[in-house]
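These notes concern the structure reproduced below.
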Amino acid sequence: MAASSAVSLLDIKLGRFGAGTRSNHELRLTKWKRKLLWFDGDQAGAPIRRFTCVADMLAPIRRSGGCEKSEERRFDQKMSAHGAGIKTSSSAVPFASPKSRFVSKQEKFYPRCTPRLTGPQSRDTPPKRDTGIANEKDWGIDLLNENVNESGTNEDGSSWFRESGQDLGDNGYRCRWTRMGGQSHDGSSEWTETWWEKSDWTGYKELGVEKSGKNADGDSWWETWQEVLHQDEWSNLARIERSAQKQAKSGTENAGWYEKWWEKYDAKGWTEKGAHKYGRLNEQSWWEKWGEHYDGRGSVLKWTDKWAETELGTKWGDKWEEKFFSGIGSRQGETWHVSPNSDRWSRTWGEEHFGNGKVHKYGKSTTGESWDIVVDEETYYEAEPHYGWADVVGDSTQLLSIQPRERPPGVYPNLEFGPSPPPEPDQPPDKPV
């Protein structure tokens with residue numbers, strides 16, 4: 001299996017928010033750039049013309065991680081198993097073509113051992129940075145309708161496998177899954193990908209993907225994506241939640257990155273979006289967090305916090321926050337820098353919007369500058385998300401079309417809700433380096 005991985009550099013420049021004259025500290029701050037690693041690669045894999053069948057018709061199906069109890073997988077920990085889309089070809093994983101009308105008796109009896117069946121193409125493609133949460137159509141999830149356990153060897157010596165099955169549980173729980181993967185002849189390059197859909201009698205539905213891989217250069221990556229429909233336990237409203245986690249690590253440098261994205265929507269317009277990011281390139285590290293919250297009645301909260309540091313002790317960062325309702329609200333922020341000898345410079349600023357065309361602006365810095373003025377200025381903010389409930393419903397047709405198990409007469413779903421989940425941790429427990 002051929003594998004490719006290109007290395008690109010991301011330029012990061014922390015901008016300034018606020019008013020007032022620029023100090024030498026700030027001019028120096030805004031000129032700094034830190035280049036951080038991300039991995040990008042193209043799908044590879046030559047057309048498969050023959051294979052060696054090694055699967056037995058009665059071989060047991062291996063369980064897919066996508067249907068085990070959900071626990072977050074971070075970096076190198078094993079997991080069972082919001083933004084722009086990840087452009088992934090939906091046709092990248094060909095499956096067996098429809099049966100011919102002229103099939104021999106032997107082919108009918110041994111369908112897995114006929115040359116017409118080909119394995120999945122190579123999916124050794126690492127995720128891309130800052131691409132947010134993909135729509136379900138970008139993944140091309142196509143679950144098999146039968147239990148499959150098959151594998152093969154290609155002409156170049158690379159191998160592949162594909163398996164699918166179904167897990168059943170209490171309360172009408174069902175998880176259908178398909179898992180596939182492959183590796184090069186020497187094992188230096190490999191990939192796996194799992195698709196799943198879950199449902200139960202409470203109306204819960206879930207669609208998900210998990211993929212991982214490595215290439216001959218030692219670069220490795222992991223990515224997961226989920227889309228969930230459920231009933232909110234407090235408001236009883238339908239809610240759709242989407243999330244994605246991605247990470248990549250360099251095999252040749254002390255470099256890597258991690259991202260976690262999430263989006264939550266309900267039928268009355270309540271929306272929450274956010275992301276946590278971390279990256280490292282040799283002696284440089286950076287972090288970024290941001291969030292958006294819309295209550296569906298006109299109130300909005302947005303915030304961003306990003307900072308970076310070097311092993312020599314230099315640190316710098318920038319953060320801001322805004323809150324608005326009915327044209328009245330505030331903005332505030334800070335830009336700061338700490339030198340290796342612990343000298344600190346910072347500038348803080350704020351704005352008060354009164355809803356009558358008047359804005360109070362104030363701020364100060366550690367170099368002695370300050371301002372406190374009232375100006376005539378229009379107030380602008382986004383009271384509604386640019387992508388909301390109607391949009392996510394329209395982009396979730398495959399999730400909404402999941403069919404639950406048939407419920408027997410006289411059997412009713414257990415609607416008891418468990419305890420609220422713990423809050424999201426601010427930092428991943430480990431670093432992807």
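All of these numbers come straight from a predicted model, not from anything done at the bench.
- Each of Glu206, Lys198, Gln166, Glu197 was scored for a side-chain contact (heavy atoms from CB on, under 4.5 Å) with Cys175, with one residue passing: Lys198.
- Smallest separation of non-hydrogen atoms from Thr194 and Arg179: OG1-CG, 3.4 Å.
- Pairing each heavy atom of Asp395 with each of Tyr387, the nearest pair is OD2-OH, 2.7 Å.
- Salt-bridge check for Asp200 with Arg174: failed, with every basic side-chain N at 4.0 Å or more from each acidic carboxylate O.
- We find that Lys361 and Glu377 are joined by a salt bridge, their nearest charged nitrogen and carboxylate oxygen being less than 4.0 Å apart.
- Under the rule for a salt bridge (charged side-chain N to carboxylate O under 4.0 Å, His left out), Lys268 has no partner lying at least two apart in sequence or in another chain.
- Ion pairing of Glu241 with Arg239 is present here, as a side-chain N (NZ or NE/NH1/NH2) and a carboxylate O approach within less than 4.0 Å.
- For the ring pair (Phe, Tyr, Trp, His ring centres under 6.0 Å) test, no residue two or more places apart in sequence or in another chain qualifies with Trp303.
- The local environment of CG in Asp170 is sparse, with at most 12 non-hydrogen atoms from other residues, nucleotides or ligands closer than 6.0 Å.
- Around the CD atom of Glu283, the shell of radius 6.0 Å holds more than 12 heavy atoms that belong to other residues, nucleotides or ligands.
- Applying the side chain to side chain donor-acceptor pair (under 3.5 Å) test between Ser396 and each of Arg242, Glu136, Lys137, Glu227 identifies Glu227 as the sole match.
- With sequence neighbours left out, the ring pair (Phe, Tyr, Trp, His ring centres under 6.0 Å) criterion links Tyr381 to Phe324.
- Residues His293 and Trp270 place their aromatic rings such that the two centres sit under 6.0 Å apart.
- Here the shortest heavy-atom pairing between Arg344 and Thr366 reads O-OG1, 4.0 Å.
- More than 12 heavy atoms of other residues, nucleotides or ligands shown are found within 6.0 angstrom of CD on Glu311.
- Tested against Tyr258 for a side chain to side chain donor-acceptor pair (under 3.5 Å), the candidates Lys277, Gln245, Arg280 yield a single pass: Gln245.
- Ring geometry, Trp225 versus Trp139: the interplanar angle falls from 30° to 60°, so the pair is classed tilted.
- At least one side-chain heavy atom of His353 sits less than 4.5 Å from a side-chain heavy atom of Arg331.
- For Lys364, the NZ atom is loosely surrounded, since the number of other residues' heavy atoms within 6.0 Å does not exceed 12.
- The aromatic ring centroids of Tyr278 and Trp287 lie less than 6.0 Å from each other.
- For Thr131 and Lys246, the side-chain atoms include at least one donor-acceptor pair closer than 3.5 Å.
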Working for side chain to side chain donor-acceptor pair (under 3.5 Å), residues Ser184 and Ser158: CA-CA 4 Å; Ser184 59; Ser158 61; over 6 Å; no
